[in-house]
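We number each residue from 1, following the sequence as shown.
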Amino acid sequence: MKNKPKSNSSQQAPAMKLPATIILIDPMVLDVGTFFIKNAFAEKYSKSLTNLDLPTFVCSLLKDAGYKENKKREVLVVFVAEEPRRLVHVSPCDIFASDQATEEGTTVLDGSGCSTDMGELVFLGAACPEHMKQKDHLADLTRVIMENEGVRHLMLMFDQKENQALIKECIDWAVKNHQFTWLSQDLGDWEASQALVEPLNQTVVKTIIDFTSSALLNMGANPEEIEK
């Protein structure tokens with residue numbers, strides 16, 4: 001990964017033309033979900049699993065959503081964090097620059113990017129302003145993004161129960177010839193995730209992705225093991 005020039009502020013959605021594909025992720029949901037997957041399946045497969053490699057994981061999500069290889073594509077991945085934090089089970093682990101990140105020499109996600117066969121991945125961190133709840137900050141960011149004419153596909157990984165109203169807004173937005181993908185992180189609540197988009201035409205809602213399989217493939221599991 002390479003560091004890119006920082007935006008004027010990582011507290012807000014960029015006030016510029018956005019790429020067609022944007023992924024919004026709650027880093028806590030991703031990290032905790034990865035932790036449970038890592039432990040549960042390590043026991044099942046009787047072997048240790050590695051940390052989740054973020055760029056490879058994002059590429060897997062894009063493939064699951066039906067994307068083909070295209071090195072010219074740009075994908076914006078935004079981590080909407082309640083507070084500056086580190087990812088423990090996902091590499092690289094620092095969302096924002098810090099003294100600790102500098103000392104350890106880890107890659108900082110905010111303002112960085114990397115080239116892949118699926119396109120140029122650009123990572124940004126969006127920490128909540130003081131005295132603002134993450135739920136409200138996420139809703140504000142998402143609405144700004146949906147109002148941007150260049151955005152055609154929005155992917156979300158957030159707490160399902162906390163953000164049901166926002167997910168419904170995204171689905172309503174998707175009906176207007178756009179695409180919305182819900183990244184389901186609730187291992188035991190897959191039916192609830194399906195129910196979110198069940199009434200809609202699946203050509204509008206691109207897909208629901210259970211990120212477990214994509215995560216496992218990037219943590220050392222074999223395809224044959226996942227199918228069992």
Side-chain angles (χ1 to χ4, degrees), residues 1 4 7 10 12-14 16-34 52-81 85 87 90-92 95-96 107 109-127 134 137-148 150-160 163 166-167 169-171 173-174 178-186 193 196-197 205-215 217-218:
M1 297 182 75
K4 290 191 164 189
S7 57
S10 60
Q12 302 175 9
M16 63 182 77
K17 183 176 180 180
L18 298 175
T21 303
I22 297 182
I23 305 175
L24 293 174
I25 297 176
D26 180 341
M28 177 69 79
V29 169
L30 176 60
D31 208 27
V32 171
T34 303
L52 188 66
D53 179 76
L54 183 61
T56 309
F57 173 61
V58 172
C59 288
S60 293
L61 294 179
L62 294 172
K63 289 177 182 178
D64 286 347
Y67 283 76
K68 305 298 182 184
E69 290 186 1
N70 181 355
K71 293 183 178 181
K72 296 182 179 179
R73 179 191 294 118
E74 183 176 344
V75 178
L76 180 62
V77 183
V78 183
F79 288 90
V80 186
R85 59 168 284 122
L87 297 171
V90 180
S91 299
I95 297 175
F96 299 97
T107 301
L109 290 176
D110 185 34
S112 70
C114 62
S115 297
T116 72
D117 288 340
M118 299 301 293
E120 180 80 6
L121 307 183
V122 180
F123 299 95
L124 288 178
Q134 182 195 37
H137 185 43
L138 168 63
D140 288 348
L141 280 172
T142 304
R143 288 170 187 140
V144 169
I145 289 169
M146 289 192 294
E147 289 171 1
N148 192 286
V151 179
R152 307 300 300 175
H153 189 182
L154 181 60
M155 305 172 75
L156 278 181
M157 178 185 283
F158 272 82
D159 183 274
Q160 183 170 301
N163 297 282
L166 180 59
I167 295 169
E169 283 188 48
C170 292
I171 293 173
W173 169 82
H178 297 290
Q179 295 171 342
F180 168 63
T181 297
W182 172 245
L183 304 174
S184 175
Q185 75 283 350
D186 295 324
S193 291
L196 284 172
V197 298
V205 177
K206 186 72 173 180
T207 186
I208 310 173
I209 296 176
D210 181 352
F211 87 99
T212 307
S213 295
S214 292
L217 286 173
N218 293 297

Enter the distance from [X]:[atom1] to [Y]:[atom2] here, rounded to the nearest 0.5 Å.
X	Y	atom1	atom2	value
Leu62	Leu121	CG	CG	7.0 Å
Asp64	Thr181	CG	OG1	10.0 Å
Thr142	Ile22	OG1	CD1	9.5 Å
Ser115	Lys72	OG	NZ	13.0 Å
His153	Ile23	NE2	CD1	8.0 Å
Leu18	Asn148	CG	CG	4.0 Å

Any idea which heavy atoms bring [X] and [Y] closest together, and the distance?
X	Y	answer
Val78	Ala126	CG1-CB, 4.0 Å
Phe79	Leu109	CE1-CD1, 3.8 Å
Gly125	Asp110	N-OD1, 2.9 Å
Leu61	Met155	O-CE, 4.1 Å
Ser91	Pro55	O-CD, 4.3 Å

Around atom CE of Met146, are there more than 12 heavy atoms from other residues, nucleotides or ligands closer than 6.0 Å?
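It does: Met146 CE has more than 12 such atoms within range.
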Do [X] and [Y] make a side-chain contact, defined as non-hydrogen atoms from C-beta onward lying under 4.5 Å apart?
X	Y	value
Met157	Leu24	no
Ile167	Phe180	yes
Cys114	Phe123	yes
Cys59	Asp117	no
Val58	Leu54	yes
Arg73	Glu120	no
Phe57	Leu30	yes
Phe158	Leu166	no

Apply side-chain hydrogen bond (donor to acceptor under 3.5 Å, both in side chains) to Asn163 and list each qualifying residue two or more places apart in sequence or on a separate chain.
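Partners of Asn163 by the side-chain hydrogen bond (donor to acceptor under 3.5 Å, both in side chains) criterion come out as none, since no residue qualifies.
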List for me each residue that meets side-chain hydrogen bond (donor to acceptor under 3.5 Å, both in side chains) alongside Thr116, sequence neighbours excluded, and say none if there are none.
none
Got a sec, which pairs hit salt bridge (charged side-chain N to carboxylate O under 4.0 Å, His left out) with one end in residues 19-33, sequence neighbours left out?
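Salt bridge (charged side-chain N to carboxylate O under 4.0 Å, His left out) check on residues 19-33 returns Asp31-Arg85.
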Considering residues at least two apart in sequence or located in another chain, which fulfil the salt bridge (charged side-chain N to carboxylate O under 4.0 Å, His left out) criterion with Lys68?
none
Applying salt bridge (charged side-chain N to carboxylate O under 4.0 Å, His left out), can you list everything that pairs with Glu169, at least two apart in sequence or on another chain?
Arg143
